[in-house]
Amino acid sequence: APYYVLYILFVLNAGIYLYLLLRHYNQLSWVSNLQLLSYTIGGLILILFLKNMVLRIMGSVFPIGKETSMYNMTITIFGIILSIVLFISNIIIAYAPPSILAPYIYFSFFLVGAIYFFRSIRGLSIGAKFLNRNKFHFFLYLCTVELAPILILWKLIESGIGIQ
């Protein structure tokens, strides 16, 4: 139960982080604050739920149930760690003076990217024994479950399509 509560804090902090970044870069300025915050948090919930369901389905269909549950736990642990970083980043982005805001945003991108990089390395170490036998399936999973949600979210944020 504590993992779920802390993971919910991750989703809230990540949603607030995206909201603050959208407001800082003046994207989607026609959307009200509460509505944009609900879009960012709801979008993250949807992406993480779909990712979790895909991993559970893969674990039940293919003989990799133990590995997918280990990877789900890795995602949870790294989400909890990222929640701490995002909480501090949210406070700094919301209340920092403009002179240090831009450099800190880039620093927060670096921190979030580093945490996701280490999570990816951990995920690769979990699935390394399957990589030699099933390179195409691993590449397919990597593109559809790991990269596609990030790219779709980026495109939605960049163009504002779908958010009225």
Side-chain angles (χ1 to χ4, degrees), residues 1-22 35-94 104-158 161-163:
Y3 287 116
Y4 294 120
V5 171
L6 292 172
Y7 199 67
I8 289 170
L9 286 175
F10 159 68
V11 171
L12 292 175
N13 280 317
I16 292 169
Y17 180 74
L18 284 175
Y19 164 78
L20 289 172
L21 289 178
L22 287 171
Q35 192 176 15
L36 182 61
L37 184 62
S38 65
Y39 284 154
T40 56
I41 292 173
L44 283 170
I45 288 171
L46 180 68
I47 288 172
L48 293 172
F49 176 75
L50 290 175
K51 183 175 184 172
N52 190 3
M53 293 312 303
V54 166
L55 286 172
R56 286 182 186 226
I57 291 169
M58 284 177 47
S60 64
V61 170
F62 300 108
I64 55 171
K66 178 183 172 191
E67 287 79 8
T68 56
S69 65
M70 286 173 52
Y71 186 60
N72 267 335
M73 188 61 167
T74 300
I75 290 172
T76 304
I77 297 294
F78 277 88
I80 291 168
I81 293 168
L82 190 59
S83 176
I84 297 167
V85 171
L86 290 176
F87 177 74
I88 295 168
S89 294
N90 289 340
I91 291 174
I92 293 173
I93 291 171
Y104 184 77
I105 287 176
Y106 289 117
F107 180 68
S108 71
F109 288 158
F110 172 75
L111 286 176
V112 170
I115 290 172
Y116 272 107
F117 177 73
F118 287 124
R119 188 188 90 176
S120 298
I121 289 177
R122 175 72 178 134
L124 281 173
S125 69
I126 291 171
K129 64 181 175 181
F130 302 112
L131 186 59
N132 289 334
R133 290 183 289 162
N134 305 317
K135 288 182 176 130
F136 175 73
H137 293 108
F138 184 76
F139 180 72
L140 189 64
Y141 161 77
L142 188 66
C143 290
T144 57
V145 178
E146 296 292 333
L147 296 177
I150 294 170
L151 295 176
I152 291 170
L153 184 63
W154 181 270
K155 183 65 177 172
L156 285 174
I157 289 170
E158 188 177 77
I161 296 174
I163 301 176

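Heavy atoms only: backbone and side chains are in, while hydrogens, waters and symmetry mates are out.
Side-chain N/O atoms of E67 and Y71 include no donor and acceptor closer than 3.5 Å.
Within a 6.0 Å radius of OH in Y7, other residues, nucleotides and ligands contribute more than 12 heavy atoms.
Rounding to the nearest 0.5 angstrom, the gap separating the CG atom in L37 from the OH atom in Y19 is 6.5 Å. Interatomic distance, CD1 of I93 versus CG of L20, reported as 6.0 Å (0.5 Å rounding). Rounding to the nearest 0.5 Å gives a distance of 8.5 Å between CG of L18 and CG of L86. From L22, atom CG reaches atom CG of L36 across 5.0 Å, with rounding to the nearest 0.5 Å. Atom CE of M70 is separated from atom CZ of R122 by 5.0 Å, given to the nearest 0.5 angstrom. Put simply, OH on Y3 and CD1 on I80 are 6.5 Å apart, with the number rounded to the nearest 0.5 Å.
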Next on the checklist: Would F10 and I81 count as a side chain to side chain contact (heavy atoms under 4.5 Å, CB included) here? Give the steps.
Outcome noted: CA-CA 8 Å; F10 159 68; I81 293 168; over 6 Å; no

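A donor-acceptor pair under 3.5 Å is formed between the side chain of S120 and the backbone N or O of Y116. Formation of a donor-acceptor pair under 3.5 Å by the N13 side chain with backbone atoms of N90 is not found in this model.
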Under 3.5 Å, side-chain donor or acceptor atoms of residues 47-64 against the rest of the protein: list the pairs with distances, not counting sequence neighbours.
from, atom 1, to, atom 2, distance (Å)
K51, NZ, E146, OE1, 3.0
K51, NZ, E146, OE2, 3.1
N52, OD1, R56, NE, 3.2
N52, OD1, N72, ND2, 3.2
S60, OG, R56, O, 3.3
S60, OG, I57, O, 3.0

Expected list for residues 106-113: side-chain donor-acceptor pairs under 3.5 angstrom, two or more places apart:
from, atom 1, to, atom 2, distance (Å)
S108, OG, Y17, OH, 2.7
S108, OG, I105, O, 2.7

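Closest approach of S89 and Y104 over heavy atoms only: OG-OH, 2.9 Å.
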